[in-house]
There are 2 protein chains.
Amino acid sequence: MNYKESHKLLLSNVSRFINLTELEKQKYISLLTEIKVDKRDFLMQAGEIAKYEYFITKGCLKVYTLDEEGAPHISMFAIEDYWTGDLSSFMTKEPSRYFIKATEHSELLGISRENYDLLFREIPKFERFYRILYQKSLISYIRRSNHGISLTAEERYLEFKKKYPQIVSRITQKDLAAYIGITPEFMSKIITKVNRM
Amino acid sequence: MNYKESHKLLLSNVSRFINLTELEKQKYISLLTEIKVDKRDFLMQAGEIAKYEYFITKGCLKVYTLDEEGAPHISMFAIEDYWTGDLSSFMTKEPSRYFIKATEHSELLGISRENYDLLFREIPKFERFYRILYQKSLISYIRRSNHGISLTAEERYLEFKKKYPQIVSRITQKDLAAYIGITPEFMSKIITKVNRM
DNA sequence: GAAAAAAAATGAACTAGTTTAAGACTTTTA
DNA sequence: TAAAAGTCTTAAACTAGTTCATTTTTTTTC
């Protein structure tokens, strides 16, 4: 069958871990919602219950919380071919503490909670897909949570730049500071220093 | 059937997410290895390939790395009814950077990589079990990786104490410092301050 | 149960990262 | 295309957390 580019990207993402028949592919696609957001639009805001988990087919978004002083802490940047959302709120149906905002015009495919549950009943292979997806994410978050605690800000910056060069060039230094966990002023110093070396 | 206490604990842990028939329970148990370690024994050391994922039926262990200066960074404490191991090395079969050491006499059930793979083929329901287990772990590591970056050491200590009071009372202050990401001296100051309040 | 080893407490001097403030540069909007 | 808003840089004074050194307390070992 002839799929849209966005659906092709998703099916290729899924086919890393499981093989689907034509019928299963069509069934899967029928469970998704297409979403488009402009730069600076919110995909969701703190206080809401996460309605969807998102696959990004185009663009870039930031997921962040605001602390008591109103300072942002970015927990992830998400670009094409990545998954994002607030998994905790999506699963528990409790209000989220996260904002998700597009840093560029972005296009996404969303799966609602009802369709996510239905997906496992209709195509049990997806248990395997998500088992492997979550396992891989878990491995990288375990590493990240250790590094956040044991590396200096400069080391965290260098590591991020090395791991995600495509992202560094698409975001502001200020947002990168909010991700690394430092002030924009100190981020500026680090970048000046690193460039001088 | 009449199961050992350790197997009962594991089966009850698994039954949170999936239901097994008697036959499946017996099959599952047949895939496990019983392991006992004394206080200060290593379950595994950096450089080795993680042979097992472990379920703890008794005791307490710490999972840690050593940095270039030889300073330990504890990534988790694991007690009864928790799972531990180095998931990354277990999956990729690359050498681990982690040490796992018993802080008390401990008893565990290990599943080898061959049996883990076999488990999914023999009892596909386990895809669901691990999908949910990893999903829940992922949610808590996402939170932890944000907190590691955005909270002060005192806030991280208070949060850990609140979330895991059973663990705080079983480990040394020094190990807690290596988990929180600070020096033992500063940990001592925080505790003195918090107790004074 | 005494000796040895490890953990905890305390304090002084230090460093990584913050705060505040001001000016230069870049992007967005009308 | 000018004005407004946001981002980046620099610098001085500050604070959270480190380092190093010493003493006290607790745990381990024989």
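Worth saying up front: this structure is predicted, and the values here are computed from it rather than measured. The sequence lines fix the lettering, A, B, ..., with proteins before strands; numbering per chain opens at 1. Quick note: numbers below take in every heavy atom, side chains included, and nothing from hydrogens, waters or symmetry partners.
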**Asked** Whole Å only: how far is the CD atom of B/E104 from the P atom of D/dT28?
**Response** 11 Å
**Asked** Can you tell me how far P of C/dA9 sits from CZ of B/R196, to the nearest Å?
**Response** 12 Å
**Message:** Using 30° and 60° as the class boundaries, would you call the ring planes of A/F160 and A/Y179 parallel, tilted or perpendicular?
**Reply:** tilted
**Message:** Looking at B/Y64, I'd like to know if the NZ or CZ of B/K62 sits under 6.0 Å from its six-membered ring centre while staying within 45 degrees of the ring's axis.
**Reply:** yes
**Request:** Can you label the angle between the A/Y116 ring and the A/F90 ring as parallel, tilted or perpendicular, going by 30° and 60°?
**Result:** perpendicular
**Distance below 4.0 Å between B/S188 side-chain N/O and C/dT10 OP1 or OP2** = no
**Asked** Can you tell me how far P of D/dG17 sits from CD1 of B/I149, to the nearest Å?
**Response** 15 Å
**Request:** Find the bend of the helix from C/dG1-D/dC30 to C/dA30-D/dT1 as the angle between its two terminal axes (five pairs each), to the nearest 10°.
**Result:** 60°
Report, one line per pair, each donor and acceptor closer than 3.5 Å where one atom sits in a side chain of residues 32-40 of chain B; sequence neighbours left out.
from  : atom 1 : to     : atom 2 : distance (Å)
B/E34 : OE1    : B/K4   : NZ     : 3.2
B/E34 : OE2    : B/K4   : NZ     : 2.4
B/D38 : OD1    : B/H105 : ND1    : 3.0

What does the list of N/O pairs under 3.5 Å between the protein and nucleotides 3-7 of chain C look like, with a distance for each?
from  : atom 1 : to     : atom 2 : distance (Å)
C/dA7 : OP2    : B/K174 : NZ     : 3.0

**Message:** Check A/R113 with A/D117, please: is the shortest side-chain N to carboxylate O separation under 4.0 Å?
**Reply:** yes
**Request:** Side-chain contact test, heavy atoms from C-beta onward, threshold under 4.5 Å: evaluate it for B/I74 versus B/V63 and give yes or no.
**Result:** no
**Complete:** Given protein heavy atoms under 4.0 Å, the one-letter contact record of nucleotides 16-30 of chain C, with B base, S sugar-phosphate only and - none, is simply -BBBB-------SS-
**Proximity to DNA chain C (any heavy atom under 4.0 Å), residues of residues 64-77 of chain B only** = none
**Request:** Please work out whether the ring planes of B/F129 and B/F17 are parallel, tilted or perpendicular, with thresholds of 30° and 60°.
**Result:** tilted
**Message:** Does the structure place the NZ or CZ of A/R131 under 6.0 Å from the centre of the six-membered ring of B/F120, at an angle of no more than 45° from the ring's axis?
**Reply:** yes
**Counterpart residues, side chain to side chain contact (heavy atoms under 4.5 Å, CB included), relative to B/T65 (two or more places apart)** = B/H73, B/R97, B/Y98
**Prompt:** Are A/Y54 and A/L43 side-chain neighbours, meaning at least one heavy-atom pair lies under 4.5 Å?
**Reply:** yes
**Request:** Locate the shortest heavy-atom distance separating A/E94 from A/S89; write the atom from each residue and the value.
**Result:** O-OG, 2.7 Å
**Item:** Atom NZ of A/K25: over 12 foreign heavy atoms under 6.0 Å
**Value:** yes
**Request:** Anything under 30° is parallel, anything over 60° is perpendicular, the rest tilted; go ahead and classify B/Y130 against B/W83.
**Result:** perpendicular
